[in-house]
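Structure record follows, encoded as structure tokens.
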Amino acid sequence: DAKTTQPPSMDCAEGRAANLPCNHSTISGNEYVYWYRQIHSQGPQYIIHGLKNNETNEMASLIITEDRKSSTLILPHATLRDTAVYYCIVRTRNQFYFGTGTSLTVIP
Amino acid sequence: SAVISQKPSRDICQRGTSLTIQCQVDSQVTMMFWYRQQPGQSLTLIATANQGSEATYESGFVIDKFPISRPNLTFSTLTVSNMSPEDSSIYLCSVVPSGAYNEQFFGPGTRLTVL
């Protein structure tokens, strides 16, 4: 199963872009990269996913490197409500295996 | 999206007892999963709940400890058997909706404390 590596914590100033990196060097060609976040022990919330191309939705952008060994989640204008643990996940078949995640703190 | 409810939302139990957690979805789903999140930790996949057949367990989890049922496409239960304080965790149900293979949604979780 492909593993992911994320920094344990990051800070971001409110209103600025938050760039959360993730390494997944053992990813296979047909495995998707997913991002979820978890706010204060609630159920994880889906953010975005991608395979090869960069993706954007109303919440965030996902940038995947050409070799697919790493990706970056971008929250374009971070707010205090974006403070959460962010998980980068490589989807293996139907199962999601969570790594340790990045605890993002948005600072006023 | 799928709306997922879990019962109970939290419970405090005595060691040696068992607790059954229910997961109900508002629409039919193709896949259902159970996760555990120990205090301060990430989520760990326990098993895939298979409709009409035995669940598929991940390494380190066994049916005798975590029996799972899935009688239909919208409902599943997870039982935590013969509980010990080490079983104190949040237990989460997640689903893949029918026709939405690339999406997986999580329930609110059940917070279990074992004394």
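Both backbone and side-chain heavy atoms feed into the values below; hydrogens, waters and symmetry mates do not. Keep in mind that what you see is a predicted model, and the values were worked out from it rather than measured. We name chains A, B, ... by the order of the sequence lines, and we start the count at 1 in each one.
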### Task
Consider only side-chain heavy atoms of I, L, V, M, F, W and Y, link residues closer than 4.5 Å, and tell whether A:I63 and A:M59 are in one cluster.
no
### Task
With side chain to side chain contact (heavy atoms under 4.5 Å, CB included) as the test, would you mind laying out the steps for A:Y97 and B:E58 before giving the verdict?
CA-CA 11 Å; A:Y97 296 97; B:E58 296 295 313; 2.9 Å; yes
### Query
Are there residues of residues 68-83 of chain B that reach to under 4.5 Å of chain A by heavy atoms, and which ones?
none
### For chain B, which residues of residues 98-108 of chain A have heavy atoms nearer than 4.5 angstrom
A:F98, A:G99, A:T100
### Summary
Among residues 39-54 of chain B, residues within the sub-4.5 Å heavy-atom range of chain A, in order of number, are B:Q41, B:S42, B:L43, B:L45, B:T48
### Task
Say whether B:Q37 and A:Q38, considering side chains only, have a donor N or O and an acceptor N or O under 3.5 Å apart.
yes
### Query
Is there a path of hydrophobic side-chain contacts, each under 4.5 Å between heavy atoms of I, L, V, M, F, W or Y residues, that connects B:Y35 with B:I90?
yes
### B:F66-B:I21 co-clustered via ILVMFWY side chain contacts under 4.5 Å
yes
### Message
Please enumerate all residues that pass ring-ring contact (aromatic ring centres under 6.0 Å, His included) together with A:F96, with sequence neighbours excluded.
### Response
A:Y34, A:Y36
### Task
Using the rule that two of Ile, Leu, Val, Met, Phe, Trp, Tyr join whenever any of their side-chain heavy atoms come within less than 4.5 Å, decide whether A:L20 and A:I47 are in one cluster.
yes
### Task
Identify whether B:W34 and B:I63 are in the same connected component of the hydrophobic contact network (ILVMFWY, side-chain heavy atoms under 4.5 Å).
yes
### Message
Can you tell me how far apart CD (A:Q45) and CZ (B:F105) are? Round to the nearest 0.5 Å.
### Response
10.5 Å
### Query
Are any of the side-chain heavy atoms of A:Q95 and B:F33 separated by less than 4.5 Å?
yes
